> 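Take a look at this one; I'll ask things after.
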Amino acid sequence: MLLFVCLGFIFSFSILFLHKIVKGKLAWLSALVPLSIFIYFAKFLKRVSDGEVIRSSYNWIPSFGVNLDFVVDGLSLLFVLMISGIGTLVFWYTSSYLKGHQYLDRFYAYLGIFMSAMLGLVLSDNLITLFLFWELTSISSFFLIGFNNESSSSRKSALLALGITGIGGLFLLGAAVILGDISSSYSIAEIMQQSNEVVMSSSYIFITILVFLAAFTKSAQFPFHFWLPGAMKAPTPVSTYLHSATMVKAGIYLILRFSPILGDTYFWNTTLMIVGAITMLYTAFHMLFRTDLKAILAYSTICALGIMTFLTGIGTYEALIAAMVFIVVHALYKASLFLITGIIDHKTGTRDITKLSGLRQGLMPVAIAGFVAASISGGIIPTLGFVGKDLIYESTLHSEYYPYVLTGISILTNALLFYGGFLVGVKPFLGPKKEEYSKIHLPSIRMWLPPAIMVTLGVVFGLAPHLIGDTLVVPGSKILSKTSEAFHIKLWHGFNLIFWLSTLTITVGTVLYFVLKPSHALVKTIEKLEYISPKSIVEKLSLLYKIVSKYWTMLFQNGYLRHYVATYVTFIIILVGFLLYQDPRIVIDYNSLADLTVYEITIIIIMFLSTLFTVFTPSRLAAVASMGIIGFAFCLLYLFYSAPDLAMTQFSVDTLTVILFVLVLYRLPKYLRFSKNYLRIEHGILSSIFGTMITLLILKVLSQPKKTEISDFYAENSYVLAKGKNVVNVILVDFRGTDTLIEITVLIVAAIGVFGLLKLRLKARDKK
Amino acid sequence: MTDIIIIIVSILGTIFAMLAAIGLIRMPDTYLRISVNTKAATLGVGLLLAAAAIYFGDIAISSRVLAIIIFIFLTAPIGGHLLGRTGYISGNELYEKTKIDDLKGKYNKKTHELSSGEESEDSDGEDKKHS
Amino acid sequence: MTENIITYPLVVHLFFSIVLMFFWQKIKVQKILTIVGNFIALGVAIAVFIHIWSNGTQVVNAGNWDAPFGIVFVGDMLSATLLLLTAVSGLAVSIFSIVSVINARLRFGFFSVYHFLLLGLNGAFLTGDIFNLYVWFEIIIISSFVLISIGGEKNQLEGAIKYFTLNFFGSLIFLTALGVIYGLTGSLNMADIANKIKLIDSQVLIDISAVLFLTAFSIKSAVFPLNFWLPASYHTPPSAVSAIFSGLLTKVGVYALIRMMTLIFPQDEFLMNLLIVLSVLTIISGSFGAIIQNNIRKVFSYLIICHIGFMIGGLGVFNVLAISGVLFYLIHDIIVKTNLFLIGGVIYRIKGTTNMKKIGDLYHSFPKLSLLIIIVLFSLVGVPPLSGFWPKISLFLSSYNNENYWYFGALILGSFITLVVVAKIWSEAFWKKQPEFSIRKKKFISFGQLYTLQKWQFITPIAILAIISLYIGFGADHIQTLSLKIAEDIIDPQNYIDAVLKP
Amino acid sequence: MEILLAIMTGILYASGTYMILRRSIVKLIIGIILLGNGVNLLIFLLGRITKGEPPIISPELKHFADIYADPIPQALILTSIVISFGLQAFAIILVKRTYKALHTDDLDMLNTLDEDS
Amino acid sequence: MKTLILRTASDILLPVLLLFSVFILFRGHYLPGGGFVGGLIAAIAFVLHAFAYGLKNTRKIIKIHPGFLMPLGLLISFGSAIAPLVAEGLPIMTGLWVPGHFPVIGKIGSALFFDTGVYFVVFGVSLTIIFTISENA
Amino acid sequence: MNLYDFLYYVILPLLSLAMVFVFIRFVKGPSIVDRVIALDLIVTIGIGIISIYSIINNQPNFLDIALILALIAFLGTVAFTYYLEKRDKDD
Amino acid sequence: MRSQFLTNILLMLMWVFLTGSYEVSSFSFGFFIGFLIMWIIGSQKGGNKYVKILPRVISFLFYFLYAVIVANLQVAYEVMTPNLNVKPGIIKIPLDVETNVEISLLANLITLTPGTLSIDVSDDKKVLYVHTMYVDDKDKFIHDIKRGFERRILLITR
Ligand code: NA
Ligand code: NA
C-alpha cells in the first residue's frame, strides 16, 4: 500500500529525469499513475463494504511513535477513490489543457506530490503522519497556485493560501501532539478507543479549538474562507482538483475523522453548526455578486464546504451520511463545472458571465455536461444531487437543536447553490451566439470527456445510490458514529415533506436564476464593503504586524552601538539588581580583611583620580597617558598583594598597548564632544548603577567563606610533582597549560588579523 | 649597623625623590621640570635601590640591583633629551625669564632636521623669519 | 589510554592551522591542506563519536592531573554529537570557501584562522573546565572577529566593531561570573563546581552567578535582548564565514547554556522561568525582524535569532522530552543554518546581491539548484518530514504539558513566520521576474562564468548538507534516539560529575 | 582594604561602561581597557587577597611553610590579560582602519547598517 | 626619530634587553617571569630599535621574520603539549622531565619547551603587530 | 622603632606623598610633555617604593619587577615623544 | 668578527651577572645565549664601536654618580627655597667630539650635571643645544662644558 500511496511522489521524482516525456506528446500517459492507484484501491471496495477495516503498517520513527500506518475504511476509501479517480481525469485533462506549456513537467510533478500527499492524509492512521501529509498538501498547493509565477497576483494568492493553511497546519500539529500525549499514542484508532478520556481531559476544549482552526483554515470556513477565491488564480485543473474536489475537503475529512474522538459534545456540535451555517450563507450571498465563472464557483465551493461542516456539526448518523454523500455530489458536479469553465476559458479567453452566451453551438457535449452538472448541483431528480439534498433535509429535520432554523438555512443555501450551478453550467451555453465565438469548435476529447464522465457518474449514482452508499458511505459513517445500525440510501422516498422541501428549493433557485442578472455593478457594490471583510481585516492585521515588527526592530536594532550596550547593561542591572534586592544582606568580617596602609590608599586614590581623568579629559593623548598611570597603579597593587608575575605582565602589556595607541592615534582626529548632555547624564547614571551593583556583588561574595582545596593542592605539589617553585608559572605551563596554549593561539590570530586588516586593503588597491 | 646604613640611604633617597616631586610642581616650564626630574629622581631611586641591595646582602641580588641602577642612569638622560626635544618641537613655551634661546628657528618645521646654524648666516636668518 | 581520542580533534585542527601558517603565501597548498585537514577532522570526529557511543563518557585529564586540579576534557554524547556536526559543517564550508573566498583573503591566513575557529569550537564542546571554556570562547571570538573584518570594507568594519564590542561585553560578564563562582567555590572544574555549589547557603548568590553566566552565554547565542550584534554583523562577511558563524557560533552559546543549566544550576526555578521569558521574547523579536527585511542574508540572521528562542525555551522547560527536542533542534539547526548562508553565497554569486527586491527568476534559470535550495528552506521551516519538523513535536508537547503556554504560542508564531518568510523569499527571489535594474559589479565573476569544477565546488557542500538534513528528517528515528539518550544522560548531572571526579 | 578595592572595581566598571557608551571609537577602546582592568581586579579580589606573600616557594623549601596568596586567580588574570592584549591590539587597529575608511571617529556614523537595506 | 642620542642608546640596549628577556624566560618556573614577559621584553627591545632607526633598518637586522616566529613558537608549544600523547600515550600536556638540575632553569622538562614556545609566539606576535602598524601608520 | 617600622611608617608614606605630588602635576599638565614627564617620574618613584617594599616583606623577587619597570617605562616615554614628533610633522 | 666575539663574551658576563650563579654551566649557557642573540640581530651597525667602548662607559658611570649628587644638591636648594631664582636659557655648544658614542656620552653627562639639560644634537653633529637653569655668562658656560666634560670624554675615548 505504501507503494501506491507514494506513487505520486515517485512519479514526481522521476520527472526530474523524465521531464522530456512528461512534457511531450505522451503527457497523457501520466494519467496512468492515478488510474493505477484508483484500480488498486478499488479492489478494497468489497472488503470495505463488508465492514472490514484494512490496515497496513510500516515502521518509521518509533521513537516518536510515528509510523506509516494506513487504514482503509469507508471514509478513507471514499476519499481515496475520489482523489485518484478525479485525479485520473484531471491528469488527463491537463495533458491537453496545458499542452506545450514550458513547465508542464513541473506542473505534473506538483500534482503528483499533491495527490500522494492527499492520499496519505486520508489514509493515515497516525496523527503525525496525517499532519505530515496535511502540510504537504498545503505546500504543493502553494506551488500550484503560484504556478503562473510571473504574475504578482498569483504569487500573492499563493502566499496568502500558504499563510492561512500553514498556520492552520501548526494548530493541527499542536492538537495532534497533545492528543497523542493524552492517549500515549498517535494512532487514531487507539485514540478513538480513549475518546472518553480525551473529552474529559482539561485540554479538550483547547484541542478541539486547534482542530477546528486547522480544519476551518484548510476548508476555507468563515472567517478564513478568503484565501480560496484567490487560489483560483491557479490553472483550472488545479482549481478543479485541489480547490474544489479534494484538498479543501481535507478539513472536512479531519472533522469527520475526529468526530468519534472529539465529537458529540455541545461545544463540538454548535461550533461546527454555527461556523458551517455562517459560511454557507455568507458565501452563498457573495455568489450573487460575482461575474467571473471561477469566482462564482469558488464561492459556491466554500458554500458547499460550509454545508459539509454544518452537517458534521449536526453529528447524527444521518447527518454524517448526508455529509459524505454531499462530498461526493459536490466533487462530481463542481469538478465538472470547473473543467467546463476551463474549456470555456480556453476557447473564448474570458470567464466573464456577462459576456458569454450561446456557446452550445460548437460545444454541444460540453453544454450537455454543463447542464447535467448544474442539475446535480441543483439537486434535480434523478441525480445524486437529489439524493444528497434529501439526506441533508432529513438530517436537519432530525437535528437535536433548532431543526427548523437549520432546515430553513439549508433550503436557502441550496437554492442559491442551484442558482450558482445553473449560472455556470447552463447560462454560457444559452442565448444567442456571439460573433466572436463563431469559430469555436469542440476541444480535444481529453478535455471534454472528463467532465462528461463525472456528470454521468453523478446520474448513475443518483439512480443507484447504493453503489456508493453500501460500499463506502454507510460503512464509513458506522465507524464515525460508532453504530452498527443499517442504513440504505434511496433515490425515491415518496412524496413526503422532504420531497416538498426539495421542490421548494428548486423553485426558489429557478426564480433566482431568472430574476437575478449578474452584472458588474453588483460586483462594485460588494467591493465597497470589502474593507470589513475578513480578508481585508486579516490583511490589515498583517500590515499592523509588519508595522509593529518594524517599530520593534527599529527600537531595538537601531544601529547605534551605544544603544545596544546600554540595553545589555540594563538587562544585567535589572536581573542582578532584582536578585540583590531579594537578599541585600552583606556581612563582612572586618577582622579577616587586610589592613589599610598609606601607600595602598595612595595607590587607590591615584587609580581613582586617573580613572576619572581618563574619562573626563578632553585630550585623547592625556587619556592614554592616564591609562598608563592606571596600569602602573595596577602593577603596584598586584605587587602589594603578592602577585609579582601579574605586576610584571600588567605593566609590560600596558606599555605595549600605549605604544600601539600612540602609533595609531596620531592619524586620528582630536576628540570631539559628540554626545548630547542628556545622554551623558543618562549613561552616567546607568554606568554608576552598574558599578555600584558590581561593588555590592563583590562584597556579598566576600562575605562567604572561601574554599581552598585546589590552591592547597597546587601549593603542596607544585614543586614535588611539577618541579617548579613559582606556582603561578607552574599553573600556566603545567596544571593549566592548555589555557596558555590557547591563549597564545589567540595572540597569533590577533596578529594575523592585524596583519590582514592593515595589509589586505592595500593590496586590493594595488590591483586597480 | 646595616640597619642604620639602610635608614640613612633610604632617607636620602626619599628626600631626593621628594625633591623631584616638589620640583615638578614648582618649576615654571617644561624644560626646568625635565631637569629636576632627570636628576633628583634618578639619584633618589638609585639610593632606594641601593638600600635594598644592602639589606639583602646577596651577590646575585646586589648585581641585579646594580643592573637596575645602571639602567636607570642610562635611560634617564635619554628620556630627558627626548622630552626636551619633543617639548621644543611641539612648541612648549619657555619660562618668561628665559634669557637666551639659541635653538629658536633651528628646527626645520617639516622634517624636524636640526641645523647647527654654522653653515651660513643666511639660512639661519631665513629660519628665523619662518618662526 | 583510549580516552585520549577525544582530544584528537583539537590536535588535528591545531596542527593544521600551524602548518597552514607555514604555507602563508601558497594558496594552492593551503587549499589542499585545509581540505585534507577537514577530512581528517571529520574522520576523527566520527571515530570519537563511535568511541563515546560504545564506551560512554570519556574523560581526559590534561597534564595527567586528576580533576579538579587540572583541566579536564570530557567527551559525552552531547559533546560527541556537536563535534561531529562541527566537523561536517566545517568540511562543507571549507570546500565552499575554496571557490567562494577571494584569493587576497586566502593570502592573509584565512584557512589558518578558519582552523583556529574550528579548534575553538571543538575545544568549547570538549572542555570540562569553566575557565578553559572562556579561553576557547576567546579563540572563537578572535578568529571570528578576524574573519569578519579582514578585507575591511566599510560595512564589514561597522559590523566588526559592533560584533567586537558586544562580544567583548559578553566576555566581560563571563569573566565576572567566573570570578564570582571561583570566589564561592574555589574551583573551576565544572563537575566540581556542580558539587560545591550545593554547599553554598546563599541562593541569591548562586542565582546571580547563574544570571551572569546566562547573560554571557546568551550574548553568544543571541538571545533577546542581547542579540543585537548578530543582525549587525552576520551579513557582512563572506558567505563561507557567515555560514560557519550561523551554523556553529551561536550554537556554542546554546551548548554552554545547556551545560550550565543541566550541570551547574539544574532545576533552578528562577533560571527556568527566565529562560522561558527570554525565549518568548527572542522568538518574537526574531520573527519581527525577519518579516521586515528584504535582504536574504538579513532575513536568515533574524531567523537564527528566532530559532535560538525555540531552543532556549525548551531548555527552560527542562525535562527529558524538552531537552531532547532542544538537542534535535540543535542538530538540525547547525546543518541547516550553515547551508542557508552557503545558499546565500550562491545567490550572491549568481545575482551580485542578496536583496530580494533586486533579484528574481532563479527558479527559471536554475531549476535544479532551486530544488536543492527549497529542500533546505523547507527543512528550515520544518515542513514534515524534513529535519526542522521533528523537534517541534517534543517542544510543543513539553511546553504544553509544562503549562508554558506563552512559549507554546511563541513556537507556533515562530514556525509560522519562518514559513511565511521562506515563502516570501521563494516568491521574490525564485518566482518573480528579474527586475529591471541590476547592480552587478564590474569585475564580478558571476556564477555562470565559473568553470564546471568551480560550480561543483559551490554546489557540492550545499548538496552534502542538504542530504544530511534529509537524513535528519527521514532518519529522524536515529536522531531522536540519540537526542533522547543525550537528554536522559545530561538531565541528571550526577552522571557527568561521577565520570569526571571518579568518586 | 577589600572594601576600597571593591569600590574601585565598581568605579572601573562604571567608567568603562560610560566610555563604551560614548560616540568616539577611541573612547570605546579606552572603555574596553578600563573594563578589562576592572574584571581582573574583580577576579583578584574574589580570589581573596593576601599581602606580601607571593605564591613562590622559597629556594630552600619544597612547599609553602606559611600562608601564601592564592595563585589560581593570578594565573587566570594573567591569561585574561594576555587575551585582552590580543583583542585590544586588534581593536585598536580596527579603529584605525575604520577611521581610514570613514574619516571619522564618530560611532554614530556607523549605524547605516542595521536599517533595512 | 632622527636622534643620535637615542640611536646610540638603542644600540646598547638591544642586546642587553634580549639577554634579559631570555633570563626572564628561563627563571619563570622558579621566580617571577616566564615566556610571556620574556617575549614581550624581547619585542620591546626591537621596538626601541625601530623607534630610533626606523622600521626598515630594524627589519634588516632581524634574521628571522617575526611572522615566522609565531608558527614556530606555536609549533614548539604544541609539540611539547602532544609529545606525551605521541610518545607514551599519556594525556596532552603531561609533563616529561629530563633528569638532572641546571642553574637558573632548574629542571628541564616539557614545561620549559612549552614556555619557550610561548616566548617565541609573544615575541613574534608583538613584533608583527607593531611592525605592521608602523608600516601602515 | 626598628627598620621595618621606619620604612613602613616614614619612608613609604613619604614616597606615596611624593607620588601624589607628581600626580598633581600630571593632572595640571598643561602640555602633554609635562604629563609624560609626570608619568615617567611616577614610575621612577614607584621603583623606589618597590625596593622599600621588598625590604619590608623580605622578598628580593620584587626587585625584578623594579627592573622590568625601569626597562619598559623608558620605552613608554620614547613612544610618547615619537608620537608627539610625528604628529607635529604631519600637521 | 673579533668584536662580535667580544660582544658575545660581554653578554655572557651579563648573563652570569644577572643570574648571580657563577658556575661553569652558567658561563657556558650565557655564552650560548649571547651567541644566539648575536646571530638573531646579525651584523648591526654600530655594534662594533659599542663593544670597544662599553668598559669605558661603565667606568665613566662612577663619574656620573658624583656629578649627579652635586647636581641634586643644587636642585634641592632651588626647589626648597621659596623664591625661584632661575634664569634659564638654551645655549648652543659647538662640538669637538665626533663619534656618536662620544656625543651621546657628552650629552647625557651634561643632562646629569647641575642645572643643565641636553636638548638635541644638530644633524651635522656640529653643535649641541643645552638648556640651563642659570645663564650668567654664555661664553663662560660654553667654555666650562668644553673644558670639563668634553675634554674628559675625549681623553677616555681616544
Ligand atoms: Na603537565
Ligand atoms: Na644638568
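All values derive from a computational prediction rather than experimental measurement. So you know, we letter chains A, B, ... as the sequences are listed, proteins then strands, and number each from 1.
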> For chain A, which residues from residues 121-131 of chain E lie under 4.5 Å away (heavy-atom distances)?
E/Val121, E/Val122, E/Val125, E/Ser126, E/Thr128, E/Ile129, E/Ile130
> So, taking the atom named CG in A/Asn729 and the one named CG in E/Asp115, what distance separates them when rounded to the nearest 0.5 Å?
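It is 5.0 Å, given to the nearest 0.5 Å.
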> Under 3.5 Å, which donor-acceptor pairs do the side chains of residues 715-724 of chain A form with other protein atoms, sequence neighbours left out?
{"from": "A/Asn717", "atom 1": "ND2", "to": "A/Phe713", "atom 2": "O", "distance (Å)": "3.0"}
{"from": "A/Ser718", "atom 1": "OG", "to": "A/Gly724", "atom 2": "O", "distance (Å)": "2.9"}

> Rounded to the nearest 0.5 Å, how far does CD1 of A/Ile744 lie from CG of E/Leu74?
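Here the interatomic distance stands at 5.0 Å.
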> Considering all heavy atoms of both residues, which atom of A/Gly737 and which atom of E/Met93 are nearest to each other, and what is their separation?
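That would be CA-CE, 3.4 Å.
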> Can you pull out the residues in residues 37-45 of chain E with any heavy atom less than 4.5 Å from chain A?
E/Val37, E/Leu40, E/Ile44
> Quick one: closest heavy-atom pair of E/Met70 and A/Ala751, and the distance?
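Nearest heavy atoms, E/Met70 then A/Ala751: SD-CB, 3.5 Å.
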> Can you tell me how far apart CD (A/Glu743) and CZ (E/Phe36) are? Round to the nearest 0.5 Å.
6.5 Å
> So which pairs with a foot in residues 692-711 of chain A pass salt bridge (charged side-chain N to carboxylate O under 4.0 Å, His left out), sequence neighbours left out?
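Every salt bridge (charged side-chain N to carboxylate O under 4.0 Å, His left out) pair that includes a residue of residues 692-711 of chain A, provided the two are not neighbours, is A/Asp583-A/Lys700, A/Lys706-D/Asp70, A/Glu709-C/Lys196.
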> Does any heavy atom of chain E fall under 4.5 Å from the side chain of A/Leu732, the backbone, both, or neither of them?
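Only the backbone of A/Leu732 comes within 4.5 Å of chain E.
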> Using the side chain to side chain contact (heavy atoms under 4.5 Å, CB included) rule, take A/Leu663 and E/Ile133 through it: C-alpha gap first, then chi angles, then the decisive distance, then the call.
CA-CA 7 Å; A/Leu663 284 172; E/Ile133 295 175; 3.7 Å; yes
> Among the options A/Leu741, A/Thr745, A/Thr649, pick out the one with the most heavy-atom pairs lying under 4.5 Å from chain E.
A/Leu741
> What part of E/Ala111 gets closer than 4.5 Å to chain A, counting heavy atoms only: side chain, backbone, both or neither?
both
> By a 4.5 Å heavy-atom criterion (distance strictly below it), what part of A/Val728 contacts chain E: side chain, backbone, both, or neither?
neither
> Quick check on A/Leu656 against chain E: is it the side chain, the backbone, both or neither that has a heavy atom closer than 4.5 Å?
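Interface part for A/Leu656: side chain.
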> Checking A/Asn726 side chain against E/Leu31 main chain: does a donor-acceptor pair fall under 3.5 Å?
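Indeed, once roles are kept as given, a pair shorter than 3.5 Å links the two residues.
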> Do you know which two heavy atoms are closest between E/Gly33 and A/Asp645, and how far apart they sit?
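That closest heavy-atom pairing would be N-OD1, 2.9 Å.
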> Pair A/Lys759, E/Thr132 - check side chain to side chain contact (heavy atoms under 4.5 Å, CB included), show working.
CA-CA 8 Å; A/Lys759 297 262 181 169; E/Thr132 315; 4.0 Å; yes
